[in-house]
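Presented below is the structure to which this report refers.
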Amino acid sequence: MRSAVSAAAIALVLAGLCGGQAVAESRLPASTAQPYQWASVPWHGGGFVDGFLYHPTEKGLLYARTDVGGMYRYDAQAQRWIPLMDGFGHDDWDCFGVMSMAVDRHDPNRLYATCGLYLNPNVPDGAVARSDDRGATWKLTRLPVKMGGNAMGRGTGERLQVDPADSDHLWLGTPQDGLWESHDGGKSFTRNTAFTPKSVSVVLLSGDGQTVWAGSGETGEGLFVSHDGGKSFTGVVGSPRLIPHQMALGTDGTLYATFSDGLGPWAVTNGAVWKLSPQGVWTDISPIHPSKADSFGFSGLDLQHGTLVVSTSDHYPGRDDLYVSHDGGASWKPVGPQSHHDISQDPWLKSYMGDADHPQKDKDAANRRNMGHWMDAVKLNPFHPDELVYGTGYGVWMTDDLGHLDTGGTVDFQFRDDNFEETVILGLESPPQGAHVLAAMGDVSGAGWDDVTKGPDAYLFAPTHETNQSVAFAALKPQVVVRAADNNRSHGYISYDGGQSWQGFASAPPPLAGQEWHDHRAGRIAISADASSIVWMPENASTYVSQDGGKSWIAAKGFPAPDRGLDPIADKLSPHTFYVFDRKTATIYASHDGGLNFAPWFDNLPGLTPWQNGQLRAVPGRAGDLWLALPQGLYHVQDGKAQAAAQVTQAWQVTFGKSAPGQTYPAVFLWGQVGGVEGLWRSDDEGASWVRINDDAHRFGNMRAIAGDPRDYGVVYIAPDGRGVMVGRMAKP
């Protein structure tokens with residue numbers, strides 16, 4: 001093995017390339033760290049892009065936020081995005097849910113973002129992250145409130161604002177805990193007691209910082225304002241009794257705002273666009289109006305140099321659009337009829353938007369074939385009047401010729417999603433032949449890659465509009481692949497050519513057949529080593545077995561009680577053996593008859609507390625050889641014994657790759673803690689020693705899955721939550 005470069009030295013180089021380092025680099029002995037290079041496996045887009053922010057005084061500085069994939073900064077020259085949150089680790093996984101972001105108009109290097117995915121009591125409290133280098137590094141201030149980056153209302157305007165008159169003064173609106181302030185540049189926050197509503201949908205400040213507008217997220221309360229720098233707030237007289245979504249202030253003092261009757265991005269049935277004159281007069285300037293037969297609202301809004309743009313919200317089927325006005329809303333032009341969207345570079349997008357080969361029949365299909373759906377985010381470049389960018393539920397569209405709207409020409413939109421990887425990976429496998437990696441994805445089905453440097457084509461999982469909960473291949477016949485999908489007739493598919501073509505199962509297990517898909521989501525699916533048996537466990541349902549390729553299903557006996565998250569796996573060598581780890585009893589169950597009957601197989605394991613989980617994996621080419629990742633450590637289970645891996649203090653994910661030169665046992669990859677140090681690790685000697693293969697600039701929050709490549713030594717694929725598929729390789733000397 002080459003002599004290792006220190007992790008600290010690697011971090012200094014990579015932080016400048018990718019950004020997002022959250023804490024000081026851990027000090028590890030040189031022998032325990034090996035430099036790796038990390039890159040996104042191209043898919044492009046795939047998730048909800050709910051906010052854009054151009055810096056108002058620095059040309060070309062553009063940020064984007066997503067609901068589950070963190071923040072990005074745009075490299076205009078390269079026309080690609082730079083991820084900014086990859087340095088946040090296991091304990092700060094919620095920082096990939098960005099509800100709001102803010103910049104300092106006086107210092108382009110200062111950047112702020114909120115952290116927090118959900119609003120329920122069982123998730124971490126929210127936080128505000130602050131950066132002095134445009135997101136290359138961050139410092140974090142935890143708050144006693146939840147943020148909700150993936151909650152309803154995540155597509156409304158920015159709730160976080162920097163006072164234009166005082167760079168250390170920040171305002172923060174929260175989804176359920178009112179309005180907060182910081183007077184020390186985001187290091188600490190206190191609640192503003194003058195503002196009484198609990199839910200804040202959007203915040204806007206005047207140039208002198210003395211006027212503060214704040215929208216209430218509760219229908220019927222409308223817009224509030226303070227004219228004394230936040231010392232007092234009152235409801236704006238005449239405000240529409242709807243939820244303010246986004247606002248902008250004209251140079252003459254006119255306030256423009258979009259309103260809807262819901263927070264969105266769905267469950268919106270009414271809305272309008274209004275402007276408020278400096279004299280306090282409200283005027284409805286909506287380009288179109290909803291009705292009982294045609295329900296929708298408005299959300300996106302921007303105003304630059306006299307050009308006003310708004311977007312509709314939840315306008316089905318196929319009618320969401322952008323509208324542009326140059327006269328303060330007196331007249332409007334829709335963008336859709338003159339638009340063209342280039343989908344030629346991404347085969348998945350061609351299918352997703354509904355070509356003839358893969359007709360789409362879900363609710364969003366008609367919208368995707370036109371401008372898109374969930375179009376809450378739209379912005380005009382303040383330095384380039386013809387540049388407009390807008391987000392959808394599946395990625396970023398940008399045009400450089402908005403001026404064609406006025407001349408009758410075509411407004412060409414490019415899918416500007418290079419290195420913008422916001423897919424949620426729910427299953428990840430690396431077979432020994434065919435595609436190097438297979439990924440089951442939320443919302444956009446998934447794919448396999450035979451070349452991980454370019455987007456998938458031959459191994460596309462079609463149709464591409466579904467959520468695929470899992471994917472699995474037969475270890476001894478890897479050309480046979482199965483996957484489980486939500487919300488379709490068969491709920492699952494089988495391929496006999498490694499994933500290049502698919503056919504739906506002839507039937508589905510009873511909990512899936514004939515019921516609403518959300519009652520029993522597709523859950524996990526596994527296939528035996530010789531492809532003779534398929535074991536399928538829908539969520540919160542019994543486990544079912546098919547031994548005729550999915551034509552019929554029978555209930556397995558002796559399987560653990562129905563639960564969400566149980567993950568049956570197949571032995572990689574024994575053709576009739578399956579396993580499952582029951583987290584409630586800390587017991588490994590096994591079946592030796594193709595999944596028909598299960599019984600406790602091993603129970604001498606540490607117990608788990610509620611909300612903890614374990615991950616069981618089988619070693620390729622070896623019968624009855626298992627590894628179990630637990631919060632208490634990593635356990636090698638074989639021959640009736642469980643051996644704790646040396647130095648591993650916590651284990652969250654484990655997988656296997658090609659053996660190191662001179663070794664016969666597969667390389668073991670771990671996401672966990674070794675010696676108390678969090679990281680991604682590799683062992684070439686069956687867990688006796690470990691080398692860290694990432695650094696603190698590349699911690700990636702929460703991993704959904706990891707998979708070692710059985711063909712290329714040292715190569716591992718990872719699925720950070722909301723960041724798509726990434727590949728790690730040993731750095732070249």
Side-chain angles (χ1 to χ4, degrees), residues 50 152-159 173 197 199-204 213-225 235-250 252-303 306-336 367 371 373-380 390:
D50 49 9
M152 294 294 282
R154 56 194 184 274
T156 65
E158 304 304 337
R159 298 168 168 92
S199 177
V200 182
S201 60
V202 61
V203 176
L204 182 68
W213 287 276
S216 170
E218 299 292 333
T219 301
E221 293 184 341
L223 186 62
F224 289 75
V225 67
V236 178
V237 176
S239 170
R241 296 307 177 187
L242 298 165
I243 296 174
H245 271 227
Q246 300 189 32
M247 298 184 288
L249 192 62
D252 64 350
T254 299
L255 179 73
Y256 297 85
T258 52
F259 292 85
S260 287
D261 63 348
L263 286 166
W266 67 85
V268 171
T269 62
N270 190 20
V273 185
W274 290 78
K275 68 178 181 181
L276 176 65
S277 72
Q279 294 75 34
V281 178
W282 285 97
T283 304
D284 184 344
I285 57 170
S286 305
I288 57 175
H289 290 87
S291 65
K292 289 184 178 180
D294 185 22
S295 63
F296 62 90
F298 287 90
S299 186
L301 180 147
D302 197 22
L303 176 65
T307 298
L308 177 67
V309 59
V310 298
S311 69
T312 57
S313 177
D314 214 9
H315 196 185
Y316 289 95
R319 287 176 285 183
D320 270 317
D321 208 343
L322 304 175
Y323 293 85
V324 175
S325 175
H326 300 297
D327 53 14
S331 62
W332 298 88
K333 290 197 73 172
V335 176
N367 288 54
M371 291 291 287
H373 69 291
W374 291 16
M375 296 165 48
D376 290 5
V378 57
K379 283 291 178 282
L380 299 160
Y390 77 95

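Predicted, not measured: the structure shown is a model, and the values here were computed from it.
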* Using the test side-chain contact (heavy atoms from CB on, under 4.5 Å), find all partners of P197 that sit at least two apart in sequence or belong to another chain. => F195, S216, E221, F224
* To do: For L303 and A248, work out which heavy atoms get closest and say how close.
  => CB-CB, 3.8 Å
* What's the spacing between T258 OG1 and W274 CH2 if we round to 0.5 Å? -> 13.5 Å
* Structure fact -> Interatomic distance, OG1@T307 vs CG@D327, rounded to 0.5 Å, equals 10.0 Å
* Asked: Just by distance, do the side chain of Q246 and the backbone of G155 share a donor-acceptor pair under 3.5 Å?
  -> yes
* To do: Please list, chain by chain and in numerical order, all residues satisfying side-chain contact (heavy atoms from CB on, under 4.5 Å) with S239, sequence neighbours excluded.
  => L223, V236, F259, W282
* Structure fact -> In terms of heavy-atom contacts, L249 and G253 come closest through CD1-O, 3.6 Å
* Rounded to the nearest 0.5 Å, what separation is found between the NZ atom of K333 and the OG atom of S325? -> 12.0 Å
* To do: Tell me, please, which residues at least two apart from S260 pass side chain to side chain donor-acceptor pair (under 3.5 Å).
  => none
* Asked: Who passes side-chain contact (heavy atoms from CB on, under 4.5 Å) against D302, sequence neighbours left out?
  -> Q304, V309, K379, L380
* Taking only residues two or more places apart in sequence or in another chain, which ones pass salt bridge (Lys or Arg N to Asp or Glu O under 4.0 Å) with D320? -> none
* **Non-neighbouring partners of P287 that pass side-chain contact (heavy atoms from CB on, under 4.5 Å), sequence neighbours left out** => V273, F298, V310, Y323, W332
* **Any side-chain donor near an acceptor of the partner, H289 and D294, under 3.5 Å** => no
* Asked: What do the steps show when you test L322 against M375 for side-chain contact (heavy atoms from CB on, under 4.5 Å), and what is the final call?
  -> CA-CA 8 Å; L322 304 175; M375 296 165 48; 3.7 Å; yes
* About how many Å separate CG of D376 and CZ of R154, when rounded to the nearest 0.5 Å? -> 9.0 Å
* **Under 3.5 Å: donor-acceptor pair, side chain of D261, backbone of T269** => yes
* To do: Spell out, as yes or no, whether a donor-acceptor pair under 3.5 Å connects the side chain of H245 to the backbone of G262.
  => yes
* To do: Answer yes or no: is there a donor N or O on one side and an acceptor on the other, between the side chain of T283 and the main chain of K275, under 3.5 Å?
  => no
* Asked: Between M247 and A257, what is the shortest heavy-atom contact and its length?
  -> CG-CB, 3.8 Å
* Rounded to the nearest 0.5 Å, what separation is found between the CG atom of L242 and the CG atom of N270? -> 5.5 Å
* Between the main-chain N or O of G329 and the side-chain N or O of Y256, is there a donor-acceptor pair closer than 3.5 Å? -> no
* Gap between atom CG of L263 and atom CD of E218 - 0.5 Å precision -> 7.5 Å
* Minimum heavy-atom distance P290-S295, with the two atoms named -> CB-CA, 4.3 Å
* Does the side chain of V335 reach to within under 4.5 Å of the side chain of D321, using non-hydrogen atoms? -> yes
* Taking all non-hydrogen atoms of both residues into account, name the closest pair between T254 and P278 and its distance. => OG1-CD, 3.8 Å
* Heavy-atom donor-acceptor pair, T156 side chain to S201 backbone, under 3.5 Å -> yes
* **Non-hydrogen side-chain atoms of H373 and W266 separated by less than 4.5 Å** => no
